[in-house]
Amino acid sequence: MSDTSEIWTGEAALYDQVRPSPPPVLVDILTQLINTPQPALVVDLGSGTGLSTMMWGELAQRVIGIEPNADMRNQAIHNAAKHPHVKHIAFQEGVSQQTGLPDGSVDIVTCSQSFHWMEPTSTLAEVARILRPGGLFAAYDYSWPPALGWEVEQTYQEVDARFDALLCERELEQNLQRWPKEKHLERMRESGRFRFTRELLLHHIEYGNAERFMGMIMTNRYSHEFKLNTITEEEIGLTRLREAAQRYIGSETLPWYFSYKVRLGIK
């Protein structure tokens, strides 16, 4: 996580504006699974701008977001100051492999759209160390793009395929190591750190227009390569995607249907 966190420098404000918040029902599910309606401590690894951290503010006695990138962490601290339960919320610098928290001190550990950036063996060892017996780990991610209109999704698929081809052709994929999301549950099971594991599927609705759609495009790997000039917008046809977003989404907001995969482990 520490090796890749710098790709988010300068992206915090846009990230916070366009990225979705997690499904609120997730809080109910996770607390019910471990029969802990009001957790004493929840830890959110790779917490970014706090979208996945502050959802716990009302329920948990304490929630700590751990984020290595200063820009993202400062945005989270700024956001938390306006939260009605700010006294329950804290953010601190750290990485997933070394949180600095005491053994067995945490009820729930979460990774929202972040576990694929973390070296899994050392991260899962740290998660198991800080979780209390019977505590829960949840790594969850949304599928992109959300269901919002097949024409713009088709154009996105074409642009994304071109981007992936250029990454492979120019041997750029090795510059930012990631661990495939589809292997999350398998790695959790193989780690031997959890007595029970399973996967849940959740759905969530948010609203957005073409501007938000393109904003989300610019808060992923694309923008990193654009800044380095290793791949250009012209090469992948980003203008065509912008035109498609305006044509099929436009300036009016419409529902975006997000699908989430939640991988669970009980210590």
Side-chain angles (χ1 to χ4, degrees), residues 1 8 11-12 14-34 36-39 41-67 69 72-73 75-80 82-86 88-91 96 106-118 123 127 131 135-148 181-182 184-185 188 198-208 212-213 215-216 219-220 253 255-266:
M1 190 161 90
W8 305 114
E11 304 291 338
L14 181 61
Y15 187 105
D16 190 63
Q17 180 182 359
V18 301
R19 288 289 184 111
S21 297
V25 71
L26 185 64
V27 169
D28 299 328
I29 294 171
L30 300 188
T31 54
Q32 179 174 316
L33 283 171
I34 58 171
T36 307
Q38 291 186 304
L41 178 58
V42 175
V43 170
D44 188 27
L45 296 178
S47 52
T49 65
L51 292 169
S52 54
T53 313
M54 288 183 284
M55 64 186 292
W56 291 96
E58 182 177 0
L59 193 66
Q61 295 176 37
R62 280 199 306 153
V63 55
I64 300 173
I66 296 180
E67 171 57 48
N69 184 272
M72 301 289 269
R73 194 171 60 252
Q75 181 71 46
I77 293 169
H78 172 77
N79 293 344
K82 298 175 286 187
H83 194 284
H85 300 280
V86 60
H88 299 164
I89 302 167
F91 292 93
S96 62
V106 183
D107 292 307
I108 295 172
V109 177
T110 61
C111 287
S112 174
Q113 202 71 14
S114 59
F115 190 42
H116 58 292
W117 293 112
M118 303 172 185
T123 295
V127 166
L131 275 178
L136 180 148
F137 173 59
Y140 60 97
D141 306 279
Y142 57 80
S143 298
W144 176 260
L148 48 80
K181 297 175 184 179
E182 60 269 19
H184 283 350
L185 187 63
M188 289 167 63
R198 68 161 295 177
E199 183 175 273
L200 298 176
L201 299 177
L202 300 178
H203 298 285
H204 180 52
I205 300 174
E206 293 211 1
Y207 293 83
R212 184 181 184 187
F213 181 82
M216 287 194 68
T219 62
N220 64 14
T253 59
W256 293 15
Y257 299 95
F258 284 96
S259 298
Y260 280 78
K261 287 187 177 180
V262 186
R263 294 85 172 185
L264 302 171
I266 306 294

Under 3.5 Å, sequence neighbours excluded: what are the donor-acceptor pairs made by side chains of residues 20-32?
residue : atom : partner : partner atom : Å
Thr31   : OG1  : Val27   : O            : 2.8
Thr31   : OG1  : Asp28   : O            : 3.2

Rounded to the nearest 0.5 Å, what's the gap from [atom1] on [X] to [atom2] on [Y]? Could you check?
X      : Y      : atom1 : atom2 : answer
Met216 : Asn220 : CE    : CG    : 8.5 Å
Leu131 : Asp107 : CG    : CG    : 8.5 Å
Leu136 : Leu264 : CG    : CG    : 5.5 Å
Arg19  : Glu206 : CZ    : CD    : 11.5 Å
Met55  : His83  : CE    : NE2   : 10.0 Å
Asp141 : Phe258 : CG    : CZ    : 12.5 Å

Enumerate, atom names and distances included, each donor-acceptor pair closer than 3.5 Å involving a side-chain atom of residues 43-53, sequence neighbours excluded.
residue : atom : partner : partner atom : Å
Asp44   : OD1  : Thr110  : OG1          : 2.8
Asp44   : OD2  : Ser52   : OG           : 2.6
Asp44   : OD2  : Thr53   : N            : 3.3
Asp44   : OD2  : Thr53   : OG1          : 2.7
Ser47   : OG   : Ile66   : N            : 3.3
Thr49   : OG1  : Asp16   : OD1          : 2.9

[X] to [Y] - nearest heavy-atom pair and separation:
X      : Y      : result
Val42  : Ala60  : CG2-CB, 4.0 Å
Trp256 : Gly208 : NE1-O, 3.2 Å
Gly215 : Leu14  : O-CD2, 3.8 Å
Ala139 : Phe115 : CB-CD2, 3.9 Å

Quick check against the 3.5 Å criterion: does [X] have a side-chain atom that pairs as donor or acceptor with the backbone of [Y]?
X      : Y      : value
Gln113 : Tyr142 : yes
Arg263 : Leu185 : no
Arg212 : Thr253 : no
Trp56  : Val63  : no

Evaluate the side-chain proximity of [Y] to [X]: yes if any heavy-atom separation is below 4.5 Å, no if none is.
X      : Y      : answer
Glu67  : Phe91  : no
Gln75  : Tyr15  : no
Ser112 : Tyr140 : yes
Phe213 : Pro145 : yes
Ser259 : Leu201 : no

**Report entry** Heavy atoms of other groups near Glu199 CD, more than 12 under 6.0 Å
**Finding:**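 Correct, the count exceeds 12.
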Query raised in the report: Are there more than 12 heavy atoms of other residues, nucleotides or ligands under 6.0 Å from atom NZ of Lys261?
Result: no
Query raised in the report: His88: what forms a side-chain contact (heavy atoms from CB on, under 4.5 Å) with it, not counting sequence neighbours?
Result: His85
